[in-house]
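Written out below as structure tokens is the structure these notes cover.
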Amino acid sequence: MPLNIVLIEPEIPNNTGNIGRLALASGSTLHLVKPFGFEIDDKRLKRAGLDYWQHLEVIYYDNMEAFFQKNKNAKMVFLSSHGTQNHWDIKFEDDMFLVFGKESVGLPKPLLERYASQLFKIPLYSTSIRSLNLANAVSIIVYEGLRQIK
């Protein structure tokens with residue numbers, strides 16, 4: 001798999017379903033870190049993922065500690081509106097982990113501090129919004145990564 005999409009404590013089933021569909025379309029693996037803001041069998045998740053969910057490679061983690069322990073040697077970048085580097089500066093590699101926070105507050109502050117040098121943002125050209133929809137942000141990053149890798 002060329003990329004790994006990581007959602008830390010996703011809250012909105014429709015976003016997670018759409019991101020699952022994107023993961024399958026892009027040949028990526030989806031990593032979901034609990035707790036979730038929905039049940040994994042939520043009909044909105046399945047509707048957004050359509051009938052593709054069964055074909056998707058999804059790895060579940062009970063918490064952030066379990067995720068970071070299992071993937072401690074992985075190359076990771078973190079996406080946040082608090083990033084100081086633009087996503088165009090990411091040097092994408094095969095099997096890279098792209099880590100996104102939950103919809104309401106993004107990545108937890110300890111992760112922002114710990115991984116400050118690996119923190120990137122998608123530039124926004126309007127002061128009227130704080131951030132993009134999570135599914136849209138993941139799409140932008142994944143396809144930029146595929147463009148660079150391919």
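Only heavy atoms go into these numbers, but all of them, side chains included; no hydrogens, no water, no symmetry mates. Just so it is clear, the structure is predicted and the values come from calculations on it, not from any experiment.
The main-chain N or O of Glu11 is found under 3.5 Å from a side-chain atom of Glu103 such that the two form a donor-acceptor pair. Between the side chain of Asn63 and the backbone N or O of Ala66 there is at least one donor-acceptor pair closer than 3.5 Å. A donor-acceptor contact shorter than 3.5 Å is absent between the side chain of Glu93 and the backbone of Lys75.
At a threshold of 4.5 Å between non-hydrogen side-chain atoms, the residues Asn15 and Leu7 do not count as touching. At a threshold of 4.5 Å between non-hydrogen side-chain atoms, the residues Leu79 and Ile90 count as touching. Taking 4.5 Å as the limit, some side-chain heavy atom of Ile140 sits within range of a side-chain heavy atom of His87. Residues Asn71 and Val6 are not in side-chain contact: their nearest non-hydrogen atoms beyond the backbone lie 4.5 Å or more apart. With contacts defined as side-chain heavy-atom distances shorter than 4.5 Å, the pair Trp88/Pro123 qualifies. Residues Ile12 and Leu134 form no side-chain contact, since every pair of their non-hydrogen atoms from C-beta on lies 4.5 Å or further apart. Using a 4.5 Å heavy-atom cutoff, the side chains of Ser26 and Leu146 are in contact. When side chains are defined from C-beta on, Ile149 counts as touching Asp94, because their heavy atoms get closer than 4.5 Å.
Grouping the Ile, Leu, Val, Met, Phe, Trp and Tyr side chains by contacts below 4.5 angstrom, directly or via other members, places Val99 apart from Leu22. Put simply, Ile8 and Phe36 are part of two different groups of oily side chains (I, L, V, M, F, W, Y) that touch within less than 4.5 Å, one to the next. There is no path of hydrophobic side-chain contacts, each under 4.5 Å, that joins Leu107 to Leu30. Criterion: ILVMFWY side-chain heavy atoms under 4.5 Å apart, direct or through other members. Under it, Met76 and Tyr61 are part of a common hydrophobic cluster.
Note: Gln148 CD to Leu3 CG = 10.0 Å, rounded to the nearest 0.5 Å. Separating the CG atom in Asn14 from the CD1 atom in Ile19 is a distance of 10.5 Å, to the nearest 0.5 Å. In this structure, the separation between CZ on Arg21 and NE2 on His55 is 12.0 Å, given to the nearest 0.5 Å. Distance check: Glu57 CD to His31 NE2 gives 7.0 Å after rounding to the nearest 0.5 Å.
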* Can Leu124 and Leu132 be said to form a side chain to side chain contact (heavy atoms under 4.5 Å, CB included), step by step? -> CA-CA 8 Å; Leu124 301 176; Leu132 295 171; 3.8 Å; yes
* After noting the C-alpha distance and the side-chain angles of Phe92 and Ile141, does the key distance pass the side chain to side chain contact (heavy atoms under 4.5 Å, CB included) rule? -> CA-CA 10 Å; Phe92 288 92; Ile141 299 302; 4.0 Å; yes
* When you look at Leu98 and Met96, which way does the side chain to side chain contact (heavy atoms under 4.5 Å, CB included) test go after all the steps? -> CA-CA 6 Å; Leu98 312 172; Met96 179 178 270; 4.1 Å; yes
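A search for side chain to side chain donor-acceptor pair (under 3.5 Å) contacts involving Lys121 returns nothing, not counting sequence neighbours.
Leu32 and Pro10 get closest at one heavy-atom pair: CD2-CG, 4.3 Å. Of all heavy-atom pairs spanning Leu56 and Ala23, the tightest one is CD1-CB, 3.6 Å. Taking every heavy atom of both residues into account, Ser28 and Val142 meet most closely at OG-CG1, 4.2 Å. Closest heavy-atom contact between Met64 and Val33: N-CG1, 3.5 Å. Contact detail for Leu119 and Ser80: the closest heavy-atom pair is CD1-CB, 3.6 Å.
Residue pairs meeting the ring-ring contact (aromatic ring centres under 6.0 Å, His included) criterion with at least one member in residues 100-145, sequence neighbours excluded: Phe68-Tyr115, Phe78-Tyr115.
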